[in-house]
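Down below is the structure, laid out as structure tokens.
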Amino acid sequence: MKVFLKVWRQKNRNTPGTFKTYTSPELNENMSFLEMLDVVNEDLANNGEEPIAFDHDCREGICGTCSLVIDGKPHGPHRGVATCQTYMRSFKNGDEIVVEPFRAKAFPLIKDLVCDRKSFDRIQQVGGFITVRTGAAPDANSIPVPKENADLAMDAAQCIGCGACVAACKNASAMLFVAAKVSHLGLMPQGQPERYKRVKAMVTQMDEEGFGACTVTGSCEAVCPKEISLDFIARMNRDYAVALLKGDAKAATSGGAG
Amino acid sequence: MATLNSNIPSGPLDQKWEHHKFSTKLINPANKRKYKIIVVGAGLAGASASATLAELGYEVHNFVFHDSPRRAHSVAAQGGINAAKNYQNDGDSVHRLFYDTIKGGDFRAREANVHRLAEVSVNIIDQCAAQGVPFAREYGGLLDNRSFGGAQVSRTFYARGQTGQQLLLGAYSALNKMIGAGGVKSYTHSEMLDLVVVDGHAKGIIVRNLQTGEITRHNGDAVVLATGGYGNVYNLSTYARGANVTASWRAYKRGACFGNPCYTQIHPTCIPVSGDYQSKLTLMSESLRNDGRVWVPKRKEDCGKKPADIAEGDRDYYLERMYSAFGNLAPRDIASRAAKTVCDEGRGIGETGLGVYLDFSAAIARLGEDKVRERYGNLFSMYHEITNESAYQTPMRIYPAVHYTMGGLWVDYNLMSNVPGLFVLGEANFSDHGANRLGASALMQGLSDGYFVLPATISGYLATQNPGKRPATDNGSFKQAEENVQTLTKRMLGNKGKRTPDSFHKELGKLMWEYCGMARNQAGLEKGIKAIGALREEYWKNVSVLGEATDWNQSLERADRIGDFIELGELMCRDALMREESCGGHFREEYQYTPDDPETKQGLVNPGDVKRRDDQFAYVAGWEYAGAADKAPILNKEPLVYEEVKMSTRSYK
Ligand code: FES
């Protein structure tokens, strides 16, 4: 099979980009989408044209490095998989495929199809953790965790931090991502002491990074390669409301002093 | 010649670590912040080390080539992490984990290191649980366990099929906490391209910013490499595409010895290769062997048939037949080689004949499909995505693939290389797995090194260095190292060659798989060394790297890494040629048990099993760079002295 690609090419952040079209060499339907791009890139390179820059690493749907909006959908046509797990058998001979980067203000473009998602790291640096010093932990079985909680926390913890939720959202909101992080830790007993402080800090940072507001359109859940549920957003909103009611923990302590 | 002093503490095996921690010099809290430590890599080992060192008060600078520290390939480990908790009351203990690991490594690891690993394993689980890692639980809320290859107890902790991702997210959260607190400065999209050695000590690194191409110098009082393994030398492997040997290799070229480079792990349960375009192989977790049965047809003629059309009596469940005590849970090297043997006999299945079945029908009949789905659902769907087949209905097709490298930079008991001040952690070092790694041990070692070992040993070195006195980056060694990097970059971009870097990688991979893969022999290795040497020369004449030095340039990134892989491939073949014995994952066809050997007659081993030669090869090979890629490297030896256990025949029958 062969396909026609319409690919976003952009030299760097400061140069405007444009779509370019390419005809793929002969392909095999068992190739992954990224392997198809490899083959196209080898072809380009052999003809002296710079290969298309795209992000990838594990190629098994777990590291969250691959991105791409394929025919308008982050991570391509199928539910519950990442771009690297999308295979050419999902396309037909002669198809035209449009390939774009994830676009969002908080994900500035680096080159061609690669964008910078460091804003996700910064959100987690302000609170996406349980404060425990190495070596200070009690025996792992001293705090039982109800299986349902552990399972639900695991559902949230599956998030691979790819940013597809942001790319899919018309407001470029990061709510599903932040909700997954907040819910994972908030569902574990170990995460309770910092539960409200955490949600407040992370939501504040999310806003500062320039992500948009959530209007619950659900497009994020639809493209999430791990099918993280929208329910986690509701859960986070509840926690956030409680956090606001509780006010600033620090102020409360100092007010009580004397 | 380098000196390889293992610095193993004296005293009884089970007290060495305690004593050593006590006798290692400490740094007083006020001085700790005057020491700056460079950590390269943020997988399990790098992230846990960075976080813990910063908690202790050191100034830590962490470098990753990824866009985020959460992407390191530790994230992809599926099955689990071992710990001698004995929560199942099934006879496990620190000593048993130690023994299983030593035996699993075919008596080619250091006793003292492995014992420490087993001791520390219990702390790791505590640490991870406290961080909120959502491990699998029983209904009562306690931690669940499962068994893994090479062990007869259930000591593996897991988080669905994504244990690596969850443990990494735990270590990453600890790292984030310390980045947020200002204890760690994080550099992303930053690739280490040289090690700076000042007066014989590692004191800095040269880094390329992958977004801007800018080359910068970074100084430190010590340098820690936690940069993973080098299995991508085979091109096709279960590694992430970006995983590379460059940081380790550049350190090797600055004098760090490379330990046992030929010890590679070929994992038995991967999805078979389907075509030349393929960029990576996908692992199906070893945990599947708990419930899946491995078989091929007894007769060649049946290989083309659908598996359902092959009667039960016509199937050869060869692992159960050959290794009755461990059956489908035989260690990885053994299971892989057995798969190769039956395929070599012409009984392999699938289009290429390089495949065997992993069959769940018995488990589905026994447990029901729902239970099987609960245990392995995500693995079955992964298999389905790739192959378009349902493993609930038909057996999986699997074949061995390169998965892990036990070799790596040589380190002593303190995890310090022979270059003072250079520490190496996790898969990047050679230390704990001998010639074969058991399942669920890689995560254990990465976290052990990073959370517990290095933070306790590094002060021993730092105490010999005056606080606040590290060399500045205008020192001549920094200048020389930076020029080295600039020259190499210019050379690659200016090369008027005709071939892409990837075409060389493919060619290298084929040579390595053919001559230094699952079975090796003298003639093949000699051929391999010649062919790879020729490939290296052609590389520098004929590689073509497009794009610019001052932009994001993935061709340049790859060209750098592939150049190093070619040189490494040659060293691996030399190591494999030198090691005239078989052990663990290193199988030399000349050294295998025959039906006439007494061990075979006693029923300890099968004909064709690996045969060690302890009288001649009970040592770690530490290869030293001889100053140029075409000069033969120098072999240094660290003898392996066993005080506690006897090097014996490794039997799984
Ligand atoms: S490349 Fe890792 S998730 Fe796609």
Side-chain angles (χ1 to χ4, degrees), chain A residues 11-12 28 30-31 34-35 38-39 42 45-46 48 50-51 53 55-65 81 85 87 89 110-111 114 116-118 120-121 124-126 128-135 137-141 144-147 150 153-154 157-158 161 184-185 188 190-191, chain B residues 51-52 55 66-71 73 75-76 85 87 123 125-127 129-132 134-143 159-160 162 165-166 169 173-174 176-177 179-180 188 211 240-242 274-275 277-280 282 382 385 388 451 455 500 502 544 546-547 551-552 554-555:
Chain A
K11 188 171 157 29
N12 54 38
N28 175 319
N30 291 322
M31 280 177 177
L34 298 184
E35 284 166 348
D38 290 342
V39 171
E42 280 293 278
N46 284 325
E50 218 188 316
D55 237 350
H56 65 96
D57 199 29
C58 74
R59 297 199 173 195
E60 53 184 280
I62 196 76
C63 72
T65 312
V81 295
Q85 300 164 291
Y87 286 80
R89 64 178 89 92
I110 297 173
K111 181 171 183 162
V114 183
D116 191 335
R117 290 165 283 185
K118 282 196 189 101
F120 270 13
D121 284 334
Q124 292 172 91
Q125 285 159 12
V126 299
F129 46 77
I130 289 170
T131 302
V132 49
R133 187 180 288 277
T134 301
D139 183 86
N141 259 350
V145 183
K147 187 170 179 335
M154 182 66 212
Q158 293 195 74
H184 156 211
L185 297 174
M188 301 296 282
Q190 293 87 345
Chain B
T52 306
E55 282 171 10
H66 291 101
D67 68 332
S68 159
R70 69 134 0 251
R71 312 260 189 237
H73 202 52
V75 83
K85 281 284 195 186
Y87 283 160
N123 305 111
I125 298 304
D126 297 343
Q127 183 66 26
Q131 288 168 341
F135 283 118
R137 302 262 162 183
E138 297 166 347
Y139 282 99
L142 301 181
L143 289 157
R160 289 201 193 142
Q162 351 180 319
Q165 143 133 294
Q166 295 313 317
L169 290 178
S173 74
N176 278 334
K177 179 189 71 176
I179 294 172
T188 54
Q211 285 194 21
R241 277 312 274 168
S274 61
Y277 52 80
Q278 209 156 348
S279 63
K280 89 157 256 154
T282 304
M382 199 161 165
E385 278 147 25
N388 217 12
Y451 280 132
T500 62
D502 281 9
S544 150
L546 299 166
D551 259 333
W552 175 267
Q554 290 173 317
S555 310

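Chain A is the first sequence line, chain B the second, and so forth, proteins listed ahead of strands; every chain is numbered from 1.
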| task | Report yes or no: does B/Gln127 contribute a side-chain atom to a donor-acceptor pair with the main-chain N or O of A/Gly135 at less than 3.5 Å? | result | yes
| Within-4.5 Å side-chain heavy-atom neighbours: B/His73 and A/Cys58 | yes
| Interface residue of largest heavy-atom contact number with chain A, from B/Gly275, B/Gly547, B/Ala130, B/Gly180, under 4.5 Å | B/Ala130
| query | With respect to chain B, which residue among A/Ala157, A/Ala150, A/Ala45 yields the maximal number of heavy-atom pairs within a distance under 4.5 Å? | reply | A/Ala157
| No-hydrogen, no-angle side-chain donor-acceptor test under 3.5 Å, A/Glu42 and B/Thr500 | yes
| What are the two closest non-hydrogen atoms of B/Gly132 and A/His184, and how far apart are they? | O-NE2, 2.9 Å
| Which bit of A/Asp38 comes within less than 4.5 Å of chain B, counting heavy atoms only: side chain, backbone, both or neither? | side chain
| Which of the residues A/Pro138, A/Gly128, A/Gly61, A/Ala153 is involved in the greatest number of heavy-atom pairs with chain B at under 4.5 angstrom? | A/Pro138
| message | If we define contacts as heavy-atom pairs under 4.5 Å, which of B/Met382, B/Gln131, B/Gln165 has the most with chain A? | response | B/Gln165
| request: Identify which part of B/Leu143 has an atom lying under 4.5 Å from any heavy atom of chain A, answering side chain, backbone, both or neither. | output: both
| Do B/Ser279 and A/Arg59 come close enough that some side-chain heavy atom pair is under 4.5 Å? | yes
| message | Please check this pair: side chain of B/Gln211 against backbone of A/Ile110, looking for a donor-acceptor N/O pair closer than 3.5 Å. | response | no
| If you count heavy-atom pairs under 4.5 Å with chain B, which of A/Pro146, A/Gly191, A/Pro51, A/Ala53 comes out on top? | A/Ala53
| Is any side-chain heavy atom of A/Gln124 less than 4.5 Å from a side-chain heavy atom of B/Arg70? | no
| query | How far does CD of B/Glu385 sit from CZ of A/Arg89, to the nearest 0.5 angstrom? | reply | 9.5 Å
| query | In Å, rounded to the nearest 0.5 Å, how long is the span from CD of B/Gln162 to CD1 of A/Ile62? | reply | 4.5 Å
| field | A/Asn12 versus chain B, the contacting section by heavy-atom distance below 4.5 Å | value | side chain
| With distance as the sole test, does A/Lys111 use its side chain to make a donor-acceptor pair with the main-chain N or O of B/Trp552 at under 3.5 Å? | yes
| Where the side chain of A/Asp57 meets the backbone of B/Gly242, is there a donor-acceptor pair that is under 3.5 Å apart? | yes
| said: What part of A/Val132 gets within 4.5 angstrom of chain B, counting heavy atoms only: side chain, backbone, both, or neither? | reply: both
| said: For the backbone of B/Gln278 and the side chain of A/Glu35, can you confirm whether one donor and one acceptor N or O come within less than 3.5 Å of each other? | reply: no
| message | Counting heavy-atom pairs under 4.5 Å with chain A, which one of B/Leu546, B/Thr188, B/Ile179, B/Asn123 comes out on top? | response | B/Leu546
| remark: Turns out that what part of B/Tyr87 lies under 4.5 Å from chain A's heavy atoms comes down to side chain
| Per-residue contact mode, B/Asp67 against chain A (heavy atom under 4.5 angstrom) | both
| field | chain B contacts, top residue of A/Val126, A/Leu185, A/Asn30 (heavy-atom pairs, under 4.5 Å) | value | A/Asn30
| request: Could you have a look at A/Ile130, A/Asp139, A/Val39 and say which one has the most heavy-atom pairs with chain B under 4.5 angstrom? | output: A/Asp139
| note | Given A/Met188, A/Arg133, A/Met154, the one with more heavy-atom pairs under 4.5 angstrom with chain B than any other is A/Met154
| task | Please look at A/Asn28 and chain B and tell me whether the side chain, the backbone, both or neither of the residue comes under 4.5 angstrom of a heavy atom of that chain. | result | side chain
| request: Not counting sequence neighbours, which residues clear ring pair (Phe, Tyr, Trp, His ring centres under 6.0 Å) with A/Phe120? List them please. | output: A/Phe107, A/Phe177, A/Phe211
| task | Would you confirm whether B/Glu55, through its side chain, and A/Thr134, through its main-chain N or O, come within 3.5 Å as a donor-acceptor pair? | result | yes
| remark: Honestly, the part of A/Val145 sitting under 4.5 Å from a heavy atom of chain B is both
| query | Atom CZ in B/Arg241, atom CG in A/Leu34: separation rounded to 0.5 Å? | reply | 11.0 Å
| task | Check whether any side-chain heavy atom of B/Ser68 sits under 4.5 Å from a side-chain heavy atom of A/Arg117, and report yes or no. | result | no
| task | Say whether, by atom type as modelled, one donor and one acceptor occur between the side chain of B/His66 and the main chain of A/Thr65 under 3.5 angstrom. | result | no
